Amino acid sequence: MRAVRLVKVGKPLEEADVPIPEIESSDVLIRVAVAGICHSDAHYRAGISKIEHLPLTLGHEVAGRVEQVGSDVTHASAGDRVCVHYLVHCGTCEFCMRGLEQFCHSGQMIGRHRDGGYAEFIKVPGANAFSLPDEIPLDFGAIMMCSSATALHALNKARFKAGESIAIFGFGGLGFSALQLARTFGCEDVYVVEINPAKLASAASMGAIAIDAQSADPIEQIKEASAGRGVDVALELIGSAKTMRQAVLCLGTLGRAALVGLTAESMSIHPYTELINKEAEIIGVSDHLATELPALIELARSGKLRFPPEMLRVVDLDASQINAALDALEDSIDHVRTVIVPSSDK
Ligand SMILES: [Zn+2]
Ligand SMILES: [Zn+2]
């Protein structure tokens with residue numbers, strides 16, 4: 001089969017002809033219909049996030065049709081539409097037993113620690129293949145399993161509840177999902193903090209209060225718009241120390257800041273006035289959980305969570321097109337997600 005693989009860190013991905021994976025009794029073989037190109041794939045290619053075993057087929061955002069199932073797999077059969085949970089876990093270690101598989105002692109991420117979906121076929125454990133209802137397009141079925149799932153996990157980690165207000169820092173794929181998900185939680189006051197005019201306009205058109213961080217201090221703007229109270233929850237989705245600090249500072253009494261973006265920078269906090277005094281919390285968020293996915297899939301099936309087709313760009317399973325999309329992710333600020341469609345089989 002055809003696959004597009006990372007062969008050398010820092011170099012463009014390469015096309016390869018590789019064997020179709022052989023499944024074991026607990027696996028399913030999926031014919032990839034759509035694979036999302038994610039910002040973290042650009043980090044793997046560049047060596048910002050380490051890849052231990054090369055060559056590797058990238059791609060952790062996958063939807064497709066089941067081609068073949070192992071003898072122990074009972075919940076899926078050939079021809080089923082499925083989407084993939086990208087964390088492969090042992091199911092028996094102390095964290096897996098508590099339903100916290102993102103900390104599994106032998107956990108593997110698809111498209112990082114094992115071959116991913118930039119290929120015609122992918123092999124995954126049956127437990128990682130989730131049924132994808134017909135109402136959800138295959139392209140959204142692929143990308144929602146990364147950004148939307150993580151946005152939902154962030155809201156859950158922040159213990160976000162009906163009637164609370166939220167500030168979302170960054171309006172990319174995660175922020176776009178977070179805004180829609182916050183609404184389904186019963187939230188009316190959503191502030192979106194951005195510097196990109198197109199993203200601010202997009203947030204405003206979806207009913208959010210757009211906060212232009214370039215025109216004035218976003219903390220002052222949020223405080224003013226909330227009659228001095230601040231927000232109950234802030235999500236930092238950008239990955240900069242500056243916006244992480246802003247996410248903490250815009251909190252009101254008992255507020256929770258959930259940090260999702262990645263950075264190696266340090267952040268300073270004045271413990272008494274900025275945390276202790278108002279019993280504010282800073283919460284780290286990493287990936288998401290299999291147990292959260294059925295609710296996510298149901299929100300997408302019912303149309304409460306969607307991704308506009310005009311914001312999707314399609315490329316072939318072609319190394320030069322995929323490398324160009326990764327280049328664009330590295331330096332672009334546009335508001336479009338690129339997906340790979342290996343064949344015309346949609
Ligand atoms: Zn992703
Ligand atoms: Zn485990």
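Computed from heavy atoms alone, side chains included, the values below leave out hydrogens, waters and symmetry copies. These numbers come from a predicted model, not from an experiment. In each ligand, atom 1 is the first atom listed, and ligand 1 is the first ligand listed.
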**Asked** Closest approach of Ala46 and Glu330, non-hydrogen atoms and distance?
**Response** CB-OE2, 3.9 Å
**Request:** Quick one: sort the His60 and Tyr86 rings into parallel, tilted or perpendicular, breaks at 30° and 60°.
**Result:** perpendicular
**Pair Asp115 + Lys123, salt bridge at N-O below 4.0 Å** = no
**Asked** So, Lys223 and Glu220, do they make that salt bridge, N to O below 4.0 Å?
**Response** no
**Request:** State whether Glu274 and Arg245 are salt-bridged, where the test is any N-O pair (Lys NZ or Arg NE/NH1/NH2 against Asp/Glu carboxylate O) under 4.0 Å.
**Result:** yes
**Message:** Please verify the inter-ring angle class for Phe171 with Phe176; under 30° counts as parallel, over 60° as perpendicular, anything in between as tilted.
**Reply:** tilted
**Asked** Protein N/O/S atoms under 2.8 Å from the Zn ion (ligand 2): how many?
**Response** 4
**Request:** Decide yes or no for Val231 and Val233: does some side-chain heavy atom of the first lie under 4.5 Å from some side-chain heavy atom of the second?
**Result:** no
**Fill in**
Test salt bridge (charged side-chain N to carboxylate O under 4.0 Å, His left out), reference Glu164, set Arg256, Arg229, Arg159, output is Arg256
**Prompt:** Side-chain contact, heavy-atom cut-off 4.5 Å: Leu293 with His288?
**Reply:** yes
**Message:** Within less than 2.8 Å, report the number of protein N/O/S atoms around the Zn ion (ligand 1).
**Reply:** 4
